[in-house]
Amino acid sequence: MKTPQAKKIENILEIHGDKRIDNYFWMNDRENPEVIKYLEEENTYAEAMMKETEAFQEELYEEMKARYKKDDESIPYFFNEYWYIVRYEEGKEYPIFCRRHKTLENPEEIILDVNILAEGHEFFEVANVAVSPNNELASFSEDNVGRRIYSLNFKNLKTGEILSDTIENTTGKAVWANDNKHIFYIRKDESLRAYKVYRHELGTNPSEDVLIFHEEDETFDVNVFKTKSLEYIFLASSSTISDEHHFIPSDNVFAEWKVIQPRVDDLEYSVEHYEDEFYIITNADDATNFKIVKTKIDNCGMENWVDVIPHRAEVLLEGFEIFKDYLVLEEREQGLLQIKIINEKNGETYDLPFSDPTYTAYIGLNLEFNTDILRYGYTSLTVPSSTFEYNMKDKTTKLLKQQEVLGGKFVAENYISERIWADSRDGEAKIPISLVYHKDTKKTAETPVLLYGYGSYGHTVDASFSNVRLSILDRGFIYAIAHIRGGEYLGREWYEEGKMLFKKNTFFDFIDAGKYLIKENYTSSKHLYAMGGSAGGLLVGAVVNYEPQLFNGIVAQVPFVDVVTTMLDETIPLTTGEYDEWGNPNDEEYYHYMKEYSPYDNVEAKDYPHMLITTGFHDSQVQYWEPAKWVAKLRELKTDNNLLLFKTDMSSGHGGASGRFESLKEDALEYAFLMKLENKII
């Protein structure tokens, strides 16, 4: 079948005296029939090239789906007189939100059945469900396109009636005031930045809603939330490197909003309430890895902050939870998460014990103050996601639920996990790599390895279980995660060393991790594969420009690959808010640095590995035209005969297909692509 060829229309982009020729700039018009035609041609081509794998894709899909419990439900949690549960019914794609009054033996009340709401929609998502303090009303938000622009709706839980108050173009979040008739919500601007906070009174026209706060700085966006104590409503305005919080009592929606600490460049902080004080996690006073302070509510500027947990150079403080008699910390040391219990009564301090070589542990949902019970989560590359209750008084642990892996084939002892350390080329760091493989898989030059990475925004990809991943582990693959700079795996400095004018460290770390796996005989270039999504798509896109022969194939999911053009376009969602991550290319130094690594700008006439690239037509975070242009330019210039496949989901956005199992078809396609390259499809 003939490969698709996009037409070329020369477009000259000039800034700082530098000219870039973008022959595929025309693709950024989603209303242009020629754009739709090209995307459909690429979909048809990808389908044809993968035709021989269709039966195998279906086998993978059914295999993956079979591991899930079809009628699963969440662990009940108790809040404000009700037990809340989210459950799924067999044969249905969407969740059902339920509750039971006071005891789990009482009759079930269905708050929202998303399966009913989703009828007739190709894509459907409910983002937030929030019940009013008097338990009589619920807010919920829905998106039927995939661009994360939500309409906010309300339901009378006593009568089942959907109220007429529909608020369009929101972030999807609603925070109830304690009077049960006012809510606070956020609207988005044309670039989808969360920028205005409104107060709405139920029963009134949304056009009459009161503007509470307008964030005019385009590098900031806003959030609104209620404290765990339920006594205060907070408005948080944040950029990548700066925060500002305002608050009012939840009992008085007309109160004057007070600021905790006005914004200061490079000052980050977030807040929780306890009795007459605010507890704040912050990087103030050069606390690079953060510390916890407290301050009286009436005098809460940073000059009044008192250290509770001081800064430690070797420990990244990621979060905390306050109880009446305990303070619980979520910390990261040498890349591994710890949960530290501090008994405020007797001063005793200890960590919960975890034994896997690489894993994820986190503080769970804890809504009660006056309790000895901590709910926390744990998972590793070989241990399914588990939720525990820990009694902080008598130090006993109870497993509440572990993710079931159905199908009768999974035995944790059949899989081995490791953590190894690769040398970085600059000699400044050791790059951690987490791995998992079946015990029968031998480490040789013929062993296929899938190396995953992200490396941006300080987001850490921790080692966690995936029952989907079993489909390649059971077929001889090793799965590896490169914990590269740009994430926070080894602390805040690990992030700082992989952003802005140090961004190339992210790409070089990933390359060095891949080369180390080859050097240590885990695999060879003929059997090494790379995968990344969004900013991880930028990662693998940059890497194949730098080292096209290192990998046999890559999978780039919704990849951010047209860095310079996107960061120069302030109308695109996320652009202005991300200057502190990538730099502002209106500044000449950042422009030239970005241009040196931007995957689209650096496509050359040379051989590239096999590539599968995916996107969503309605993606609000990485616009579909970035990968579309990248593929078109690769088709024009690449000199090899390797597979280049591009698939656009015409009905979804950044998160892929909606529904519980539909996204497994995307996983099946990706795994079939890898298996095809390994000649493992029988």
Exercise for the section: Go through the structure and list residues passing salt bridge (charged side-chain N to carboxylate O under 4.0 Å, His left out) with Lys398, not counting sequence neighbours. Expected result: none
Problem - Check ion pair Glu244-Arg263 (N to O, under 4.0 angstrom) - result: yes
For a quick test of your reading: what N or O donor-acceptor pairs under 3.5 Å do the side chains of residues 127-135 make, sequence neighbours left out?
residue: Asn128; atom: ND2; partner: Gly172; partner atom: O; Å: 3.3
residue: Ser132; atom: OG; partner: Asn134; partner atom: OD1; Å: 2.7
residue: Ser132; atom: OG; partner: Glu136; partner atom: N; Å: 3.4
residue: Ser132; atom: OG; partner: Leu137; partner atom: N; Å: 3.0
residue: Ser132; atom: OG; partner: Leu137; partner atom: O; Å: 3.3
residue: Asn134; atom: OD1; partner: Glu136; partner atom: N; Å: 3.1
residue: Asn135; atom: OD1; partner: Asn80; partner atom: ND2; Å: 3.4
residue: Asn135; atom: ND2; partner: Asn80; partner atom: O; Å: 3.2

Exercise for the section: List in chain and number order the residues that pass salt bridge (charged side-chain N to carboxylate O under 4.0 Å, His left out) with Arg332, two or more places apart in sequence or in another chain; answer none if no residue qualifies. Expected result: Glu318, Asp462
Exercise for the section: Please find out if less than 6.0 Å separates the ring center of Phe213 from that of His246. Expected result: yes
Practice task
Quick one: list whatever passes salt bridge (charged side-chain N to carboxylate O under 4.0 Å, His left out) with Asp580, sequence neighbours left out.
Solution key: none
Practice task
Flag yes if more than 12 heavy atoms outside Asp286 fall under 6.0 Å of its CG atom; otherwise flag no.
Solution key: no
Problem - Criterion salt bridge (charged side-chain N to carboxylate O under 4.0 Å, His left out) on Lys291 and Asp285, from CA distance to verdict - result: CA-CA 10 Å; Lys291 64 179 181 177; Asp285 306 316; 3.0 Å; yes
Handout entry: Over-ring placement of Lys393 relative to Tyr326, 6.0 Å and 45° cut-offs
Key = no
Exercise for the section: Check step by step if side-chain hydrogen bond (donor to acceptor under 3.5 Å, both in side chains) holds for Asn178 and Asp251. Expected result: CA-CA 5 Å; Asn178 287 353; Asp251 290 333; 2.8 Å; yes
Exercise for the section: Find out whether Lys395 and Tyr390 are in side-chain contact, i.e. whether some heavy atom of one side chain is under 4.5 Å from a heavy atom of the other. Expected result: yes
Exercise for the section: Report yes if the side chains of Ile186 and Thr170 come closer than 4.5 Å at any heavy-atom pair, otherwise no. Expected result: no
Practice task
Evaluate salt bridge (charged side-chain N to carboxylate O under 4.0 Å, His left out) for Glu81 paired with Arg100, printing each intermediate quantity in order.
Solution key: CA-CA 9 Å; Glu81 298 190 350; Arg100 295 176 188 266; over 6 Å; no
Handout entry: Note, Glu578 side chain near Tyr457 side chain (heavy atom, < 4.5 Å)
Key = yes
Practice task
Would you check if Ile342 and Ile309 make a side-chain contact, meaning some heavy-atom pair closer than 4.5 Å?
Solution key: yes
Practice task
Please list, chain by chain and in numerical order, all residues satisfying side chain to side chain contact (heavy atoms under 4.5 Å, CB included) with Ala480, sequence neighbours excluded.
Solution key: Ile433, Leu435, Val449, Leu451, Leu517
Exercise for the section: Flag yes if more than 12 heavy atoms outside Glu344 fall under 6.0 Å of its CD atom; otherwise flag no. Expected result: yes
Practice task
Decide if atom CD of Glu496 counts as having more than 12 heavy atoms of other residues, nucleotides or ligands within a radius under 6.0 Å.
Solution key: yes
Handout entry: Salt bridge flag under 4.0 Å for residues Lys296 and Glu277
Key = yes
Practice task
Test Lys499 against Thr506 for side-chain hydrogen bond (donor to acceptor under 3.5 Å, both in side chains), laying out the working first.
Solution key: CA-CA 8 Å; Lys499 63 184 286 197; Thr506 301; over 6 Å; no
Exercise for the section: Kindly determine whether His483 and Ser434 satisfy side-chain hydrogen bond (donor to acceptor under 3.5 Å, both in side chains), including the steps that lead there. Expected result: CA-CA 8 Å; His483 304 290; Ser434 295; 2.7 Å; yes
Problem - Audit row: Arg193, Glu215, salt bridge (charged side-chain N to carboxylate O under 4.0 Å, His left out) steps and yes/no - result: CA-CA 10 Å; Arg193 180 176 67 95; Glu215 179 51 75; 5.1 Å; no
Exercise for the section: State, yes or no, whether a side-chain contact exists between Gln402 and Phe388 at a heavy-atom distance under 4.5 Å. Expected result: no
Exercise for the section: Compute the ring centroids of Phe278 and Tyr232, then answer whether they are less than 6.0 Å apart. Expected result: yes
Problem - Check: His214 ring centre within less than 6.0 Å of Tyr195 ring centre - result: yes
Handout entry: Side-chain heavy atoms of Leu327 within contact of Ile322, under 4.5 Å
Key = yes
Exercise for the section: Mind checking ring-ring contact (aromatic ring centres under 6.0 Å, His included) for Tyr82 and listing every partner two or more places apart, or none if nothing turns up? Expected result: His101
Handout entry: Lys226 bridged to Glu231 by N-O distance under 4.0 Å
Key = no
Practice task
Measure across Lys173 and Leu152 and return the closest heavy-atom pair with its distance rounded to 0.1 Å.
Solution key: O-CD2, 4.3 Å
Exercise for the section: Apply the test side-chain contact (heavy atoms from CB on, under 4.5 Å) to residues Tyr279 and Ile292: give CA-CA distance (whole Å), side-chain angles for both, the deciding distance (0.1 Å), then the verdict. Expected result: CA-CA 7 Å; Tyr279 278 64; Ile292 295 176; 4.2 Å; yes
Problem - Set of residues satisfying side chain to side chain contact (heavy atoms under 4.5 Å, CB included) with respect to Glu256, sequence neighbours excluded - result: none
Practice task
Please lay out, stage by stage, how Glu497 and Arg485 fare under the test salt bridge (charged side-chain N to carboxylate O under 4.0 Å, His left out).
Solution key: CA-CA 6 Å; Glu497 292 171 6; Arg485 281 176 282 190; 3.7 Å; yes
Handout entry: Test: Arg67 cationic atom under 6.0 Å from Phe410 six-membered ring centre, within 45° of axis
Key = no
Handout entry: Those residues that, when tested against Asp179, pass side chain to side chain donor-acceptor pair (under 3.5 Å) (two or more places apart)
Key = His182
Problem - Listed partners of Ser380 passing side chain to side chain contact (heavy atoms under 4.5 Å, CB included), at least two apart - result: Asp356, Tyr359, Tyr378, Thr382, Val383
Practice task
Can you establish whether the number of heavy atoms outside Asp394 located under 6.0 Å from its atom CG is more than 12?
Solution key: yes
Exercise for the section: Not counting sequence neighbours, which residues clear ring-ring contact (aromatic ring centres under 6.0 Å, His included) with Phe79? List them please. Expected result: none
Practice task
Say whether Ser242 and Asp265, considering side chains only, have a donor N or O and an acceptor N or O under 3.5 Å apart.
Solution key: no
Exercise for the section: Taking atom types as modelled, find out whether Gln334 and Tyr489 have a side-chain donor-acceptor pair closer than 3.5 angstrom. Expected result: no
Problem - Heavy-atom side-chain contact between Phe140 and Glu142 under 4.5 Å - result: yes
Problem - Pairs meeting criterion ring pair (Phe, Tyr, Trp, His ring centres under 6.0 Å) with involvement of residues 291-310, two or more places apart - result: Tyr269-Trp305
Practice task
Using a 4.5 Å cut-off on heavy atoms from C-beta on, say whether the side chain of Leu374 contacts that of Ile339.
Solution key: yes
Handout entry: Aromatic contact, Phe78 with Trp83 (centres under 6.0 Å)
Key = yes
Problem - side chain to side chain contact (heavy atoms under 4.5 Å, CB included) against Lys258, all qualifying residues, sequence neighbours excluded - result: Phe247
Practice task
May I ask you to check whether Phe225 and Trp176 place their ring centres under 6.0 Å from each other?
Solution key: no
Exercise for the section: Run the salt-bridge test on Glu268 and Arg492 with the 4.0 Å N-O cut-off and return the result as yes or no. Expected result: yes
Practice task
Measure from NZ or CZ of Lys228 to the centre of the six-membered ring of Phe369 and say whether it is under 6.0 Å with the direction within 45° of the ring axis.
Solution key: yes
